[in-house]
Structure formats: structure tokens, C-alpha cells
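I have placed the structure first, in the form of C-alpha cells, so that the comments after it can refer back to it.
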Amino acid sequence: MRIRLGQEINVPARSNALRVNGAELHIISIGRGVVSLDNESRLTANLHTAILQYAKIDYWISGAVFDEKGALLGAASYKQSVERIRLGKPPTMLTDTILDFGISTAYARAALIAVTVSERAIAPAD
């Protein structure tokens with residue numbers, strides 16, 4: 001996805017689909033995000049994340065940042081723990097996931113970002 005530092009972008013990343021009673025569920029869904037560069041050349045991505053509390057499992061949300069020519073500038077990941085909560089149906093929690101790419105003056109050239117969610121095998125719950 002093309003980025004402009006400090007501006008909101010669409011981030012269409014989500015966990016692999018889980019079929020439950022004919023419906024397709026995604027435990028992790030990312031919709032939008034903002035990639036920012038601070039005065040010390042630290043690059044972060046703040047991702048608006050929805051987490052369906054369906055199963056006790058960990059997912060990894062990972063990102064890679066590239067310059068305009070596609071050269072890799074850096075990568076970051078975050079472990080998102082999910083709980084199994086039953087209150088009639090599993091609730092969805094909304095949170096901000098922060099990917100911290102670290103510090104590099106090369107991040108001033110950041111033009112593209114790729115975000116993915118790890119694929120996990122989950123059996124449908126009762």
C-alpha cells in the first residue's frame with residue numbers, strides 16, 4: 001500500500017477465514033492505519049484493529065516498509081493475544097496495534113508498506 005507519512009490509509013489485512021455455521025469469520029481484522037516518522041527517525045504504524053474473542057490463540061501482525069523503488073527499509077511485528085470469551089456470542093474488541101520499525105534515517109524515503117496477519121489453524125468452537 002502506498003503511504004504518506006502522518007496520513008490515514010486503508011490497511012486491508014486480516015487473519016485467515018474460519019467457517020462457523022456457514023458464516024466466514026476473521027479473528028483479526030485491520031481496517032485503517034497511520035504511518036508516522038518522529039524527529040528521531042523512528043517509524044511506527046498505528047493500525048486500527050478489530051479482534052474477535054473467539055479462541056485462545058496468538059497471532060502475529062507484521063509489516064514491512066519499502067522505498068519508491070521497492071527496496072526494503074525495515075520490518076516490524078507485534079504478537080496479538082486473543083482470548084476465548086463467551087457471552088452468547090464472542091465480543092469484538094477494538095484496539096490500536098503499534099508496529100515499531102525502529103530508528104533509521106532511511107525511513108524518510110518510506111513510500112510503501114505491506115501488512116499481514118499470520119495464518120493459524122483453529123477448530124470451530126462449540
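Just so it is clear, the model here is predicted, and its values are computed rather than measured.
Side-chain N or O atoms of R32 include none that pairs as donor or acceptor with a backbone N or O of L47 at under 3.5 Å. Of the possible polar contacts, one joining the Y107 side chain to the F101 backbone as a donor-acceptor pair under 3.5 Å is found. Looking at Q53, its side chain does come within 3.5 Å of a backbone N or O of E83 through a donor-acceptor pair. With hydrogens and angles disregarded, no donor-acceptor distance shorter than 3.5 Å links the side chain of S77 to the backbone of S62.
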Exercise. Could you walk me through whether R14 and I30 pass the side-chain contact (heavy atoms from CB on, under 4.5 Å) test, one step at a time?
Key: CA-CA 6 Å; R14 58 189 183 179; I30 303 169; over 6 Å; no
Practice problem: Evaluate the criterion side-chain contact (heavy atoms from CB on, under 4.5 Å) for residue pair T49 and D96; output intermediate values, then yes/no. | Solution: CA-CA 6 Å; T49 308; D96 286 336; over 6 Å; no
Exercise. Could you walk me through whether Q80 and I28 pass the side-chain contact (heavy atoms from CB on, under 4.5 Å) test, one step at a time?
Key: CA-CA 9 Å; Q80 178 62 65; I28 305 286; 3.8 Å; yes
Quiz prompt | Worked check of side-chain contact (heavy atoms from CB on, under 4.5 Å) between L43 and V65 | solution = CA-CA 9 Å; L43 189 76; V65 178; 3.6 Å; yes
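Once rounded to the nearest 0.5 Å, the distance linking OH of Y54 with CZ of R84 reads 7.5 Å. Annotation: the span from F66 atom CZ to R109 atom CZ amounts to 13.5 Å, rounded to 0.5 Å. Atom CD1 of I57 is separated from atom OG of S118 by 7.5 Å, given to the nearest 0.5 angstrom. Here the NE2 atom belonging to H26 is positioned 8.5 Å from the CG atom belonging to N16, to the nearest 0.5 angstrom.
The environment of E40 atom CD is sparse: at most 12 non-hydrogen atoms of other residues, nucleotides or ligands sit within 6.0 angstrom.
When all heavy atoms are compared, the tightest approach of H48 to G33 is CD2-N, 4.1 Å. Residue R2 comes nearest to L112 through the heavy atom pair CA-CD2, 3.8 Å, listed as atom of the first residue, atom of the second, then distance. Shortest non-hydrogen contact noted between A50 and L94 is CB-CD2, 3.7 Å.
Residues I61 and M1 share a hydrophobic cluster, clusters being chains of Ile/Leu/Val/Met/Phe/Trp/Tyr side chains in contact below 4.5 Å. Cluster annotation: I9 is connected to L37 through the hydrophobic network of ILVMFWY side chains, with a link wherever side-chain heavy atoms come within less than 4.5 Å. Both Y59 and Y78 belong to a single network of hydrophobic side chains, linked directly or stepwise wherever heavy atoms of I, L, V, M, F, W or Y lie under 4.5 Å apart. Under the 4.5 Å side-chain contact rule for hydrophobic residues, V11 and L5 share a cluster.
At least one side-chain heavy atom of I113 sits less than 4.5 Å from a side-chain heavy atom of V35. Taking 4.5 Å as the limit, some side-chain heavy atom of R42 sits within range of a side-chain heavy atom of D100. V34 is not listed as a side-chain neighbour of Q7, based on a closest heavy-atom distance of 4.5 Å or more.
With L52 as reference, L25 is the one residue of V82, L25, I85 to meet the side chain to side chain contact (heavy atoms under 4.5 Å, CB included) rule.
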